[in-house]
Trainee: 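Dropping the structure in here first, questions after.
Throughout, residue positions are numbered sequentially from 1 according to the sequence presented. Note that the structure is a prediction, hence the values are computed from the model and not measured.
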Amino acid sequence: MAVATTQTLEELCINSIRFLAIDAVEKAKSGHPGLPMGAAPMAFVLWDQFLRFNPKNPYWFNRDRFVLSAGHGCMLQYALLYLTGYDSVTLDDIKQFRQWESKTPGHPENFETPGVEVTTGPLGQGIANAVGLAMAEAHQAAKFNKPDLTLVDHYTYVILGDGCNMEGVSGEAASLAGHLGLGKLIALYDDNHISIDGSTDISFTEDVSKRFEAYGWHVQHVADGNTDLEGLAKAIAAAKAVTDKPSMIKVTTTIGYGSPNKQNTGGVHGSPLGSDEIKLTRENLDWQYEPFVVPDDALARFRQAVERGASLEAEWNETWAQYKTKYADDAAEFERLTSGKLPEGWDKVLPTYKPGDKELASRKHSEICLNALAPVLPELFGGSADLTHSNLTELKGFGDFQHGQYQNRNVRFGVREHGMGAICNGIALHRSGLIPYGATFLVFTDYMRGAIRLSALSQAGVIWVMTHDSIALGEDGPTHQPVETIASLRAIPDLTVLRPADGTETSGAYKVAVLNANNHRPTLLALSRQNLPNLAGSSIEGVAKGAYTVVDSDGTPDLILIGTGSEVGLCVKAAEQLSGSGIKVRVVSFPSWELFEAQDAAYKESVLPKAVTKRLAVEAGITLGWHKYVGTEGDIIGVDHFGASAPGGVCLEKFGFTVENVVAKAKALLG
């Protein structure tokens, strides 16, 4: 649509982004117009001149990854997706911003909108995800690139805001990125000095540039992010030229740029402009178009991305064809990884155990599983938050992932639990076949709950390896004893929580976790510090069902003992004593509520028959939730209070986790 205007084509393009955001937020009567209005120039320059992508194939492997860490400003991204020709976002989708079943939800969601790489709702997660994306690129490039053929070669670009930089998770991730020297990570910091409460002067006055310099980043400043398009382009080009450091470009902008009365105020951050202010903004920016109308010239400029993207992918496909001819074995492995296929028979390496085999902690069995899987699953990639020798998560012989050693597979996350979590999500969402794992003590999942929740929400196939899973960890005391933690994790939708009882169940847990990861679902393993007996009735197959019978009686049982993790062995010993008294006892190992709930009614009835109402659940954690499985005539041995500092065995005894107490409680149930 042609309209007389004095604007340059670039200004028309930038204002197209702005007014699509303004109009969508106004129609929805909710949203955040300020960031898209202020960040439109930097986003236009990035997408028009630098970002390599194919709108008609959002999942082309070698595309650059773009992350809008300041996810509240998502209309910036939706406008760009529509304008550049993605089929996933139409003009009707823009008009349905924030509405039921729209492709334009209130924050970017990777599982909802093709072209969105990661789910960025909570601030700081996006920049931390981006570190993971860049790590995945660096690892796969080091593994597959050849001197004469570069197969993996793309950048990760981020737009983040003041809020992202205030969140601690961004600092954790940025610190690690600087240490690792991730040269293909480029962040544009929308420095607009406004948050919801108003001017950032009230709470945030540090020199962010100096902070990132201290992290080891290459730092630049574009003082006029509103109009200096040439300065923006030069800064991005300079950032790309720095190959041994991540880059942060501070871009000073005006939030709500163009709004005469609301720009540079908190009022434009999270509320529609309103019809009167929109009219004034249209006049101020010489925008003579109706709502949701994009000038033909601007749309044509944006849509050049379609042809450009097809050409970029075609060039890469030529490289891929040569690669397959010259490096057939590596090409087959690359194709397997990126297509999401696991190696044939990979799970056969998982060990099983029998009674009498050496008793080990399930964290030690986890180490055995990881190192059995590592040679057959090259996609396994991760590490611990500075607890490698407690979590037992090192892949032996596979080296540390460090600057210049990106082919290695052990990641040293440092004491950065939340950063580790968000980085692992980014690695998984790179969708290059990697299966990331992150480890710490179970109680410290509280430090990374936001990232664990987002792994479930955004379909990130991460394996969370959490050790020291109960009061039995002992002397470190209540601060480290996760009495309420497993119950709280079970409350997260689409997260599979597994608490294995012995070596065989730990192998079963890893089989579930790898299969889940391959299907874009996260799994959390809760593992013991103390040694556990290997049980006669445990099985890998039983774990996959979530709950199963490990000891049974002749005929219908009088009583069912239900245990998880270390308490299953306790139930087995108690059952032996009870059986000696003529009581018919079934022992059910219950490693995963989520997996059990996924079974059909017939299977559930076979494990927990309704006719058997006398049930006793035993778990060294709070009793919340267990009433569903024990019913009104059952009972629970749990810990509905904080722990204590004492040797683990003493804690277990004092809190009632003994054979004698289980037997006594069982007999009391039976009257």
Trainee: Show the nearest heavy-atom pair for residues L515 and L342, with the distance to one decimal.
Mentor: CD2-CD1, 3.9 Å

Trainee: Evaluate the criterion side chain to side chain donor-acceptor pair (under 3.5 Å) for residue pair R363 and T467; output intermediate values, then yes/no.
Mentor: CA-CA 6 Å; R363 63 169 173 159; T467 70; 5.7 Å; no

Trainee: Tell me if a side-chain donor or acceptor on N425 pairs with a main-chain N or O of A451 at a distance below 3.5 Å.
Mentor: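 Present.
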
Trainee: Between E117 (side chain) and L429 (backbone), is there a donor-acceptor pair under 3.5 Å?
Mentor: no

Trainee: Do you know which of E597, E619, E484 makes salt bridge (charged side-chain N to carboxylate O under 4.0 Å, His left out) with R490?
Mentor: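 Running salt bridge (charged side-chain N to carboxylate O under 4.0 Å, His left out) over E597, E619, E484 with R490 returns exactly one hit, E619.
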
Trainee: Any non-hydrogen side-chain atom of M466 less than 4.5 Å from a side-chain atom of L525?
Mentor: no

Trainee: Is there a donor-acceptor contact under 3.5 Å from the side chain of D400 to the main chain of R412?
Mentor: no

Trainee: Could you walk me through whether Q481 and H468 pass the side chain to side chain donor-acceptor pair (under 3.5 Å) test, one step at a time?
Mentor: CA-CA 8 Å; Q481 293 171 4; H468 297 62; over 6 Å; no

Trainee: Working note: V630 + D635, criterion side chain to side chain contact (heavy atoms under 4.5 Å, CB included); need CA distance, chi angles, decisive distance, verdict.
Mentor: CA-CA 6 Å; V630 301; D635 199 0; over 6 Å; no

Trainee: With a 4.5 Å limit on heavy-atom distance, are the side chains of D494 and L457 in contact?
Mentor: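 Not touching, per the 4.5 Å side-chain cut-off.
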
Trainee: Residues in side-chain hydrogen bond (donor to acceptor under 3.5 Å, both in side chains) with S175, at least two apart?
Mentor: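 S175 satisfies side-chain hydrogen bond (donor to acceptor under 3.5 Å, both in side chains) with R416 once adjacent residues are dropped.
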
Trainee: Where do S362 and S528 come nearest, in terms of heavy atoms and distance?
Mentor: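 Looks like OG-N, 2.6 Å.
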
Trainee: Locate the shortest heavy-atom distance separating V568 from S589; write the atom from each residue and the value.
Mentor: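 Heavy atoms of V568 and S589 come nearest at CG2-OG, 3.7 Å.
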
Trainee: Do Y548 and E505 pass the side chain to side chain donor-acceptor pair (under 3.5 Å) test, and can you show the C-alpha distance, the side-chain angles, and the key distance before you say yes or no?
Mentor: CA-CA 11 Å; Y548 66 105; E505 281 204 1; 2.6 Å; yes

Trainee: Could you pull out all residues at least two apart from S384 that satisfy side-chain hydrogen bond (donor to acceptor under 3.5 Å, both in side chains)?
Mentor: N391

Trainee: Are the side chains of I463 and V514 in contact, using a 4.5 Å heavy-atom criterion?
Mentor: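 They are in side-chain contact.
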
Trainee: So among L350, T506, L373, which one has a side chain to side chain contact (heavy atoms under 4.5 Å, CB included) with K511?
Mentor: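 When L350, T506, L373 are each tested with K511, the side chain to side chain contact (heavy atoms under 4.5 Å, CB included) holds only for L350.
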
Trainee: Is the CZ atom of R409 crowded by more than 12 outside heavy atoms at less than 6.0 Å?
Mentor: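 Counting neighbours around CZ of R409, more than 12 heavy atoms of other residues, nucleotides or ligands fall under 6.0 Å, so yes.
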
Trainee: Specify the closest pair of heavy atoms between L570 and V659, including all atoms of both residues, with the distance to one decimal.
Mentor: CD1-N, 3.4 Å

Trainee: Would you check if the side chain of D469 reaches a backbone N or O of P482 as a donor-acceptor pair within less than 3.5 Å?
Mentor: no

Trainee: If we ignore hydrogens and angles and just use 3.5 Å, is the side chain of Y629 paired with the main-chain N or O of I562 as donor and acceptor?
Mentor: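 Side chain of Y629 to backbone of I562: no pair is present.
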
Trainee: Shortest non-hydrogen contact from L123 to E167?
Mentor: O-CG, 3.2 Å

Trainee: D197 versus S203: any side-chain heavy-atom pair under 4.5 Å?
Mentor: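 No, too far: nothing below the 4.5 Å cut-off.
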
Trainee: Using modelled atom types only, decide if a donor and an acceptor are shared between the side chain of N410 and the backbone of G383 within a distance under 3.5 Å.
Mentor: no

Trainee: Run the side chain to side chain contact (heavy atoms under 4.5 Å, CB included) check on D552 and R586 step by step: do they pass?
Mentor: CA-CA 4 Å; D552 212 353; R586 172 179 292 182; 3.0 Å; yes

Trainee: What residue among V512, L527, V543 forms side chain to side chain contact (heavy atoms under 4.5 Å, CB included) with P500?
Mentor: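 Testing each of V512, L527, V543 against P500, the sole residue satisfying side chain to side chain contact (heavy atoms under 4.5 Å, CB included) is L527.
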
Trainee: Count the heavy atoms belonging to other residues, nucleotides or ligands that lie under 6.0 Å from CG of N519, then report whether that count exceeds 12.
Mentor: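 Yes, the 6.0 Å shell around CG holds more than 12 heavy atoms from other groups.
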
Trainee: Which residues satisfy the side-chain hydrogen bond (donor to acceptor under 3.5 Å, both in side chains) test with N518, sequence neighbours excluded?
Mentor: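 For N518, no residue satisfies side-chain hydrogen bond (donor to acceptor under 3.5 Å, both in side chains) once neighbours in sequence are set aside.
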
Trainee: State whether K614 and E633 are salt-bridged, where the test is any N-O pair (Lys NZ or Arg NE/NH1/NH2 against Asp/Glu carboxylate O) under 4.0 Å.
Mentor: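 So K614 pairs with E633 through a salt bridge.
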
Trainee: Has the side chain of E172 got a donor or acceptor atom that lies under 3.5 Å from a matching backbone atom of G419?
Mentor: yes

Trainee: Would a 4.5 Å heavy-atom cut-off, applied to side chains only, mark W464 and L495 as touching?
Mentor: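 SC-SC contact between W464 and L495 confirmed.
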
Trainee: Looking at E576 and K573, does any basic side-chain N land under 4.0 Å from a carboxylate oxygen?
Mentor: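 Salt bridge between E576 and K573, a charged N being under 4.0 Å from a carboxylate O: no.
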
Trainee: Holding to side-chain hydrogen bond (donor to acceptor under 3.5 Å, both in side chains), I want the full list of residues that pass it with H520, two or more places apart in sequence or in another chain.
Mentor: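 H520: side-chain hydrogen bond (donor to acceptor under 3.5 Å, both in side chains) contacts with R431.
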
Trainee: Could you walk me through whether V607 and Q599 pass the side chain to side chain contact (heavy atoms under 4.5 Å, CB included) test, one step at a time?
Mentor: CA-CA 11 Å; V607 177; Q599 307 310 309; over 6 Å; no

Trainee: Taking C-beta and beyond as the side chain, do F413 and C424 meet within less than 4.5 Å on heavy atoms?
Mentor: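 In short, these two side chains touch, coming nearer than 4.5 Å.
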
Trainee: Decide if atom CG of L624 counts as having more than 12 heavy atoms of other residues, nucleotides or ligands within a radius under 6.0 Å.
Mentor: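 Not more than 12 within 6.0 Å, no.
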
Trainee: Are there over 12 heavy-atom neighbours, none belonging to F111, within less than 6.0 Å of that residue's CZ?
Mentor: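 Counting neighbours around CZ of F111, more than 12 heavy atoms of other residues, nucleotides or ligands fall under 6.0 Å, so yes.
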
Trainee: Looking at CG of N516 and OG1 of T496, how far apart are the two atoms once the value is rounded to the nearest 0.5 Å?
Mentor: 4.5 Å

Trainee: Checking T113 side chain against V116 main chain: does a donor-acceptor pair fall under 3.5 Å?
Mentor: no

Trainee: Grab the two heavy atoms, one from A617 and one from W626, that are nearest each other, plus how far apart they are.
Mentor: CB-CE3, 3.8 Å

Trainee: Taking side chain to side chain contact (heavy atoms under 4.5 Å, CB included) as the definition, give me every residue that meets it alongside P533, ordered by chain and number, with sequence neighbours left out.
Mentor: E359, L535

Trainee: Between Q140 and L434, is there a side-chain heavy-atom distance shorter than 4.5 Å?
Mentor: yes

Trainee: Around atom NZ of K665, are there more than 12 heavy atoms from other residues, nucleotides or ligands closer than 6.0 Å?
Mentor: no

Trainee: Does R499 form a side chain to side chain contact (heavy atoms under 4.5 Å, CB included) with F590? I'd like the steps, not just the answer.
Mentor: CA-CA 8 Å; R499 191 164 182 247; F590 212 130; over 6 Å; no

Trainee: Taking CZ in F655 as the centre, count heavy atoms belonging to other residues, nucleotides or ligands within less than 6.0 Å. Is the count above 12?
Mentor: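 Correct, the count exceeds 12.
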
Trainee: Taking only Lys NZ, Arg NE, NH1 and NH2, and the carboxylate oxygens of Asp or Glu, determine whether R336 and E379 approach each other closer than 4.0 Å.
Mentor: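 Salt bridge flag = yes for E379 with R336.
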
Trainee: Test side chain to side chain donor-acceptor pair (under 3.5 Å) on T119 and N110 and set out the steps.
Mentor: CA-CA 5 Å; T119 295; N110 62 287; 2.6 Å; yes

Trainee: Test of understanding: with ring pair (Phe, Tyr, Trp, His ring centres under 6.0 Å), list the residues that count as partners of F657, not counting sequence neighbours.
Mentor: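 Checked F657 against ring pair (Phe, Tyr, Trp, His ring centres under 6.0 Å); zero matches.
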
Trainee: Between S553 and K584, is there a donor-acceptor pair closer than 3.5 Å when you use the side chain of the first and the backbone of the second?
Mentor: no

Trainee: Going by heavy atoms in the side chains, are V483 and H641 under 4.5 Å from each other?
Mentor: no

Trainee: Looking only at atom types and distance, does a side-chain atom of E394 sit under 3.5 Å from a main-chain N or O of T388, one as donor and one as acceptor?
Mentor: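 No; zero donor-acceptor contacts below 3.5 Å.
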
Trainee: CG/L524 to CG/L498 distance, rounded to the nearest 0.5 angstrom?
Mentor: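 Here the interatomic distance stands at 8.5 Å.
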
